[in-house]
Amino acid sequence: MLSLIQTPPSSLNRPSETSAAKAHERTRLFGIEIDPLTMSQAVSRVLDWVKEAPTKCQIVVTPNVDHIVQLQTNSGLQQAYRQAGLVLADGWPVVTAAGWLGKPLPERVPGSDLVPAIFQAAPTRGTGTGEASKLRVFLLGAAPGVADRAASKIHAQWPGVEVVGTYSPPLGFEKSAAECDEILARIDAVQPEVLVLGLGAPKQELWAAKFQDRLTARVALCVGATIDFLAGEKKRAPRWMQSLKLEWLHRMLSEPKRLAKRYWHDACVFPKVVWTEFCQRSAR
Ligand code: UDP
């Protein structure tokens, strides 16, 4: 049974003191609030937060079809989304369905494109003092060694970015208070501006939300396999597949055991979510 989530707009976590918070109304869809931003607006928003140092770490989530399906029943993920400062539509089905439902979103902002775009834009940010400073980044997640390989590639490609720490937490880390304390201490010790969380969904969103008050990074990006992509550990779909909207097929074929069942389930449930939303809108 599908139940669309009720999210009071007043519960949104948006830092009133930052210029980044002024810009736009969120779009309410599928029981969540989505920020209708372009990639370049999202990059500016993140770099504004880096510059302005909001009082609380700002969580960025990127809903795809799987998130929307999980959000129908996962109250912890619903709460994490309510705590997010930015909710960016990752998948083209989400953007397409939004258009059908009369709530157009300007474009997809996939997490795995957002991170390189932030790195690319980082050197042009103002520091307030006129000095050039590197963007301080911590990579949390992926298999042992992968984040270090990603760090080397990041340093080679984006000299304006400094990876100040990496960590691959052991399996089941999220259930151990001591391990979570250890991770928070590692992050705190190097004071990154941006925390890249590559732990898969919903683990990364739940973890960031649970420890939001203790995260000393200014922004936490929940971006799935992005660390793998940056390291070259996993390959993004070729451009032609992306332009034919077949990136999902590429990912499924690269990890069929893990993803085929999930994609099948999502393909069955997501149209029902869209239909429910359509009926609710028509009834209003
Ligand atoms: N991962 C991790 N720790 C965990 C679970 C997953 O570091 O406890 C990493 C995994 O190594 C991979 C990423 O999370 O790098 C999974 O990203 P993906 O986007 O494939 O996850 P999804 O959200 O699709 O499950």
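Atom set for the values below is all heavy atoms of this structure, side chains included, hydrogens, waters and symmetry mates excluded. Nothing here was measured: the structure is a model prediction, and the numbers come from that model. When a ligand or atom number is given, it counts from 1 through the structure's own listing order.
- Between Y167 and F173, the distance separating the two ring centers is not shorter than 6.0 angstrom.
- Among the candidates L37, I32, D35, I34, the single residue satisfying the side-chain contact (heavy atoms from CB on, under 4.5 Å) test with R26 is D35.
- The aromatic rings of F211 and W207 are tilted relative to each other, their planes meeting at an angle between 30° and 60°.
- What you find for Q204 and L199 is that their closest heavy atoms are OE1-N, 3.1 Å.
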Identify the protein atoms, limited to N or O, that lie within less than 3.5 Å of an N or O atom of ligand 1, and list each pair with its distance to 0.1 Å.
{"unit_1": "ligand 1", "atom_1": "7 (O)", "unit_2": "A142", "atom_2": "N", "d": "2.8"}
{"unit_1": "ligand 1", "atom_1": "8 (O)", "unit_2": "K203", "atom_2": "NZ", "d": "2.6"}
{"unit_1": "ligand 1", "atom_1": "14 (O)", "unit_2": "G198", "atom_2": "O", "d": "3.1"}
{"unit_1": "ligand 1", "atom_1": "14 (O)", "unit_2": "G200", "atom_2": "N", "d": "3.3"}
{"unit_1": "ligand 1", "atom_1": "15 (O)", "unit_2": "D228", "atom_2": "OD2", "d": "2.3"}
{"unit_1": "ligand 1", "atom_1": "17 (O)", "unit_2": "A225", "atom_2": "N", "d": "3.3"}
{"unit_1": "ligand 1", "atom_1": "19 (O)", "unit_2": "A225", "atom_2": "N", "d": "3.0"}
{"unit_1": "ligand 1", "atom_1": "20 (O)", "unit_2": "R251", "atom_2": "NH2", "d": "2.8"}
{"unit_1": "ligand 1", "atom_1": "20 (O)", "unit_2": "R258", "atom_2": "NH2", "d": "2.5"}
{"unit_1": "ligand 1", "atom_1": "23 (O)", "unit_2": "A201", "atom_2": "N", "d": "2.7"}
{"unit_1": "ligand 1", "atom_1": "24 (O)", "unit_2": "R262", "atom_2": "NH1", "d": "2.9"}
{"unit_1": "ligand 1", "atom_1": "25 (O)", "unit_2": "R258", "atom_2": "NH1", "d": "2.9"}
{"unit_1": "ligand 1", "atom_1": "25 (O)", "unit_2": "R262", "atom_2": "NH2", "d": "2.7"}

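- The side-chain contact (heavy atoms from CB on, under 4.5 Å) test with R136 is passed by exactly one of L195, V164, V194: V164.
- In this structure, Y81 and H67 have perpendicular ring planes: the angle between them is above 60°, well past the 30° mark.
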